[in-house]
Amino acid sequence: MKIHEYQAKELFRKYNIPVPEGSVAFTPDEAAASAEKLGGYPVVVKAQIHAGGRGKGGGVKLAKSVDEVKKVASEIIGMTLVTRQTGPEGRLVGKVLVEQMVKIKREFYLSIVPDRATAKIVIMASQAGGMDIEEVAEETPEKIIKVFVDPLAGIQAYHCRELSFGLNLTSASGKKLITMVKNLYRLFIDYDCSLVEINPLGVTEDFAVIAFDAKVDIDSNAIYKHKDIQEYRDFGEEDPLELEASKFNLNYINLDGNIGNVVNGAGLAMATMDIIKQAGAEPANFLDVGGGATSEMVENAFRIILMDKKVKGILVNIFGGILRCDVFAQGVVQAAEKTDIDIPVVVRMEGTNVEEGRKILADSGLKLETAIDLKDAAKKIATLAA
Ligand code: ADP
C-alpha cells in the first residue's frame, strides 16, 4: 500500500528522521494558514499524489508570501498532474504539503528495499540525488552503493560506515547519516515496508542531513497489524475498479489490454494471461475469483470487467474444483440479467458439475461461445475481440 509524502514524513518524525517542518492542506486558505505557522518565507508547496516526478510536472512550487501560497495552492489543488509515474492520464491533486524551504547544499539518494535474490534487505545510496534513480541505475550503476543486511542479524555499524564513506560525507554529516539510516531501517522493519525511499536526501550548509522527500510503501498483507497505517489509506488514489473488486474479496488487477478474463485460482489466472498473449492479444485484467467463490462473487466479477470500457471481449476459464461449475454458471446468468453483456464471451469450463454448468449456460439464452480447450478459447476470443 502506498501512502502520501506528508504521511510518510509523519512516520519519519516518529523515528527522529529529520524532515522540513510543514503540514498538509486541502484548500488554498488552509495552505495559507499552514505557511503562516512556519514563521518565514519562502515556503515550498508540494502536490500530494501517489506518484513521484512531481517537480518536473509542475507539482512542486516555491512561494515567497502568503498571497503567493494561496495562488500557487489554488493552481495545484484541482490540477491533473502528469508525471513520468502517473501515465498520460495523470492524477487529480486533492491536497498539498506546505513546507519550510531549506537550502540544500548537496543532494543524495537513499532507499531500503527487500532483495529477493539474496533474501536480504538492501540499503542503496547514491551521490546522484534528486535525479531519476532508474536512469542512474541504467547508465551509471557504479554510482549506486548497495549494502546487504541480513534481516536476522539486523543492521550493523559497518553497513552504516560503508554508506557514509561511499557518499564521501564529512564526519559531521556522516554521523548524522548513520543515525538516520539506523532509524530508517527500524521504521522499515517495524512497519513491514516494501520500500522506504528518500530522494533527495539533502545536506545543508551547516551539515544537517534532511529528508526532502519521503516515500514509504507498506506490504498490503501486513496492513492489518498497523492501525495507524489503515487510516492513511486514500481511496481517491486507488484504481476505482480495483477498489470495487476489493469490496467483494476478488483478486483483481486492472491491466492495459482489451481481453477481460474471469478465472478461478491465481496460478490459472497467470497461465490464462500468458495464453491470451500467445494468441496475439493483451489481457485487460488479472482476476482470480477464488476457490470458494459464490455466484454473487462471479456476478460482481463480470459486472466489474464490463465497467472497464477498454474490454472488447471476455475469456472465462474455470477449472471447477471447490468452485463448482454450476455455481459459476449461475453467477454468469445473474450478471447477464443485471448488466447487458454486449461483447463476445468465450467460455472454457471443466471440472465438478461441468454438465450442469454447461446446461445452465445453454438454457440461459446468452450468446456465449464455448471452447474445447484453453488454447482454442484464447484463439477464439482474440479473433472475436479484434
Ligand atoms: P518529486 O520527486 O515528486 O519531483 P521532490 O520531493 O523530490 O518531488 O521535490 C522536487 C524538488 O524540490 C527536490 O528535488 C528538491 O530539490 C526540491 N524541494 C522539495 N522540498 C523542498 C524543501 N522543503 N526545501 C527546499 N527544496 C525542496
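For ligands, and for the atoms within them, numbers begin at 1 and follow the listed sequence. Quick caveat: nothing in here was measured; it's all calculated off a predicted structure.
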- Message: Side chains of Q85 and R54: any donor to acceptor distance under 3.5 Å?
- Response: no
- Note on the structure: Members sharing V263's hydrophobic cluster, built from side-chain contacts under 4.5 Å between Ile, Leu, Val, Met, Phe, Trp and Tyr, are L268, F319
- Lys/Arg N to Asp/Glu carboxylate O, D373 vs R348, below 4.0 Å: no
- Note on the structure: Close residues (non-hydrogen atom under 4.0 angstrom from ligand 1) work out to P20, V44, K46, G52, G53, R54, G55, V60, E99, Q100, M101, V102, I104, E107, N199, P200, F212, D213
- So, K61 and E68, do they make that salt bridge, N to O below 4.0 Å? no
- Message: Quick test of your reading: applying side-chain hydrogen bond (donor to acceptor under 3.5 Å, both in side chains), list the pairs with at least one residue in residues 150-161, sequence neighbours left out, ordered by first then second residue.
- Response: none
- Tracing side-chain links under 4.5 Å among I, L, V, M, F, W and Y, which residues wind up in one group with M79? L38, Y41, V43, V45, I49, V66, V69, V72, I76, I77, L81, V93, V96, V98
